[in-house]
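Everything below concerns the one structure shown next.
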2 protein chains.
Amino acid sequence: MFSLTIEYAMRAMVALAAGDGQSMTTRQIAETMMVPQSYLSKVLQSLVRARLVHSTRGLKGGFVLARGPEDLNMMEILNAVSPYKRIETCPLDLDEHSSDLCPLHRRLDQAMGMVQEAFEGTTLAEILSEDNPCPTLQTQLAKLKPMESD
Amino acid sequence: MFSLTIEYAMRAMVALAAGDGQSMTTRQIAETMMVPQSYLSKVLQSLVRARLVHSTRGLKGGFVLARGPEDLNMMEILNAVSPYKRIETCPLDLDEHSSDLCPLHRRLDQAMGMVQEAFEGTTLAEILSEDNPCPTLQTQLAKLKPMESD
DNA sequence: ACATAAATAGATATCTTTATCCAGTTTAAT
DNA sequence: ATTAAACTGGATAAAGATATCTATTTATGT
């Protein structure tokens with residue numbers, strides 16, 4: 001249901017959020033989240049254009065979240081890479097004046113509405129706060145902040 | 001979020017359900033629901049293969065629902081044309097043994113679950129029973145059953 | 001200044017989805 | 001039997017999504 005591009009964007013944002021403010025390169029994100037690196041660079045540029053992450057070029061450059069993880073939700077990430085188009089008018093309805101959707105498209109749009117609400121209500125911070133059995137992320141994070149809390 | 005193919009499949013099934021048991025040709029369905037006819041024929045074959053509709057060839061042939069509209073839900077239609085793959089295991093998790101999803105994919109799959117439940121709980125009969133402001137459908141139906149209730 | 005690391009932009013390749021067309025087959029009506 | 005209507009299956013084309021590569025620009029450290 002969700003495109004690979006959306007998957008990759010979400011993974012990248014989770015990686016950045018987990019990095020705790022540290023800048024990460026495309027390569028680091030790609031390896032952490034097992035995303036094809038060359039394609040990830042395109043996805044990251046979408047996230048930059050949507051102003052969800054900041055990029056810095058050159059040596060020691062990389063990407064960081066533009067806001068705190070508690071202020072970034074899944075819907076924003078999805079929208080950054082593939083704008084979510086709710087069904088506003090029945091596609092069968094020729095004149096655009098009908099305010100209501102037909103029953104079929106009302107149902108389809110309701111489903112989209114549920115997803116939207118769920119995603120808008122879920123921040124990166126919440127995702128990070130839950131138990132995270134994702135092994136590659138943990139491994140990589142251990143490298144990123146080698147001796148943080150000691 | 002839902003592919004055009006899914007859209008077309010849903011529209012076709014609604015058209016057939018509205019036809020009240022009468023057989024409809026590809027052309028009739030296509031015109032009623034404004035779907036490209038040649039592509040619709042492929043979609044209909046998926047619905048036939050999934051046994052949601054029956055087809056009869058030859059003159060006076062066409063398509064009819066395989067079951068009553070109260071026994072056909074949106075999820076079956078979706079599955080007929082593009083199998084719904086819930087997220088069973090975290091795609092980042094190398095060994096397949098982890099029973100739980102990581103928080104990100106738990107959220108993604110929960111969204112898919114909500115859609116699935118909504119669609120499973122919605123039959124064609126329900127869709128038909130609601131007010132239907134979809135003008136093309138009504139126009140076409142008037143032709144199909146010209147003097148039904150008089 | 002120079003070399004290096006890294007994002008950016010553009011061109012290109014591959015695969016999937018969407019769409020069209022045509023030849024073949026089946027059936028009803030004449 | 002012949003004809004016309006209609007589904008079926010295969011080939012093909014066009015568009016979009018996914019992926020890769022290369023050259024360019026920017027920044028850092030020496």
Side-chain angles (χ1 to χ4, degrees), chain A residues 1-12 15-16 19 22-66 78-85 91 144, chain B residues 1-12 15-16 19 22-66 78-85 91 144:
Chain A
M1 180 158 66
F2 305 109
S3 72
L4 263 184
T5 305
I6 293 173
E7 255 280 333
Y8 295 163
M10 298 261 180
R11 288 194 209 171
L16 286 173
Q22 293 193 37
S23 143
M24 289 178 81
T25 68
T26 306
R27 167 183 255 270
Q28 286 176 316
I29 299 170
E31 287 177 356
T32 305
M33 296 317 241
M34 302 204 290
V35 172
Q37 179 178 339
S38 54
Y39 190 58
L40 178 64
S41 74
K42 300 296 185 192
V43 175
L44 284 169
Q45 292 190 37
S46 296
L47 296 171
V48 169
R49 276 191 291 269
R51 304 188 176 283
L52 300 188
V53 311
H54 288 147
S55 64
T56 57
R57 287 157 86 138
L59 193 60
K60 299 289 175 187
F63 299 89
V64 291
L65 294 186
L78 189 158
N79 264 317
V81 293
S82 63
Y84 201 62
K85 281 202 52 176
L144 255 186
Chain B
M1 179 157 69
F2 304 110
S3 73
L4 264 183
T5 305
I6 292 172
E7 254 282 332
Y8 295 162
M10 298 259 180
R11 288 195 209 171
L16 287 172
Q22 293 193 37
S23 141
M24 290 178 82
T25 69
T26 306
R27 165 183 256 272
Q28 286 176 316
I29 300 171
E31 286 177 357
T32 305
M33 296 317 241
M34 301 203 291
V35 172
Q37 179 178 339
S38 55
Y39 190 58
L40 177 64
S41 74
K42 299 298 184 193
V43 175
L44 283 168
Q45 293 192 34
S46 296
L47 295 171
V48 169
R49 275 191 292 269
R51 305 188 176 283
L52 300 188
V53 311
H54 289 146
S55 63
T56 57
R57 289 158 87 139
L59 194 59
K60 300 289 175 188
F63 299 89
V64 291
L65 294 186
L78 189 158
N79 264 317
V81 294
S82 62
Y84 202 62
K85 281 200 53 173
L144 255 185

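Heavy atoms only: backbone and side chains are in, while hydrogens, waters and symmetry mates are out. Since the structure is predicted, the reported quantities are computational estimates derived from the model, not experimental observations. Sequence lines set the chain letters: A, B, ... in the order given, protein chains first and strands last, and positions in each chain run from 1.
Note that OG of Ser82(A) is 10.5 Å distant from CE of Met1(B), once rounded to the nearest 0.5 Å. Of the inter-residue distances, the one linking Gln37(A) atom CD with Gln28(A) atom CD reads 10.5 Å to the nearest 0.5 angstrom. Taken to the nearest 0.5 Å, the OG atom of Ser23(B) stands 8.5 Å off from the CD1 atom of Ile29(B).
Note: OH (Tyr39(B)) to P (dA14(D)) measures 17 Å, nearest angstrom. Nucleotide dA6(C) holds its C1' atom 12 Å from the CD1 atom of Ile29(A), rounded to whole Å. For the pair Arg27(A) CZ and dT20(D) P, the interatomic distance rounds to 14 Å; values are reported in whole Å. Computed from coordinates, the Gln22(B) CD to dA6(D) P distance equals 14 Å when rounded to whole Å. Put simply, NZ on Lys42(B) is 8 Å from P on dG9(D), counting in whole angstrom units. Rounded to whole Å, atom P of dC21(D) lies 15 Å from atom CG of Leu40(A). Summarising the geometry, the separation between CD on Gln37(A) and P on dA7(C) is reported as 8 Å, rounded to the nearest angstrom. The interatomic distance linking Met34(B) (CE) with dA19(C) (C1') rounds to 18 Å, in whole Å.
Counting distance only, with no hydrogens placed and no angle test, the side-chain atoms of Arg57(B) and the base atoms of dT27(C) include no donor-acceptor pair under 3.5 Å.
Heavy-atom nearest nucleotides on DNA chain C were determined for Phe63(A) and for Leu4(B), and the one closer to the 5' end corresponds to Phe63(A). Between Ser41(A) and Ile6(A), the residue anchored nearer the 5' end of DNA chain D, judged by the nucleotide with its closest heavy atom, is Ile6(A).
A close approach under 4.0 Å does not occur between any side-chain nitrogen or oxygen of Ser3(B) and OP1 or OP2 of dT17(C). The side chain of Thr5(A) places no N or O atom within less than 4.0 Å of a non-bridging phosphate oxygen (OP1 or OP2) of dA17(D). Applying the 4.0 Å criterion to OP1 and OP2 of dA19(D), one finds that Tyr8(A) has a side-chain N or O inside that range. Contact between the side-chain N/O atoms of Gln45(B) and the OP1/OP2 oxygens of dC7(D) is not found at any separation under 4.0 Å.
Under the 4.5 Å side-chain criterion, counting only non-hydrogen atoms from C-beta, Leu44(A) is not in contact with Ser41(A). Within the 4.5 Å cutoff, the side chain of Met10(A) has heavy atoms near those of the Leu78(A) side chain.
Within 4.0 Å (heavy atoms only), Ser38(A) reaches at least one base atom of the nucleic acid. Residue contacts shown for Thr25(A) are limited to sugar-phosphate atoms, with no base heavy atom under 4.0 Å away.
Closest to the Val48(A) side chain, of the nucleotides dT8(C), dA19(C), dG9(D), is dT8(C). Minimum atom distance to the side chain of Leu59(B) is reached by dT27(C), of the listed dA5(C), dT27(C), dC7(D).
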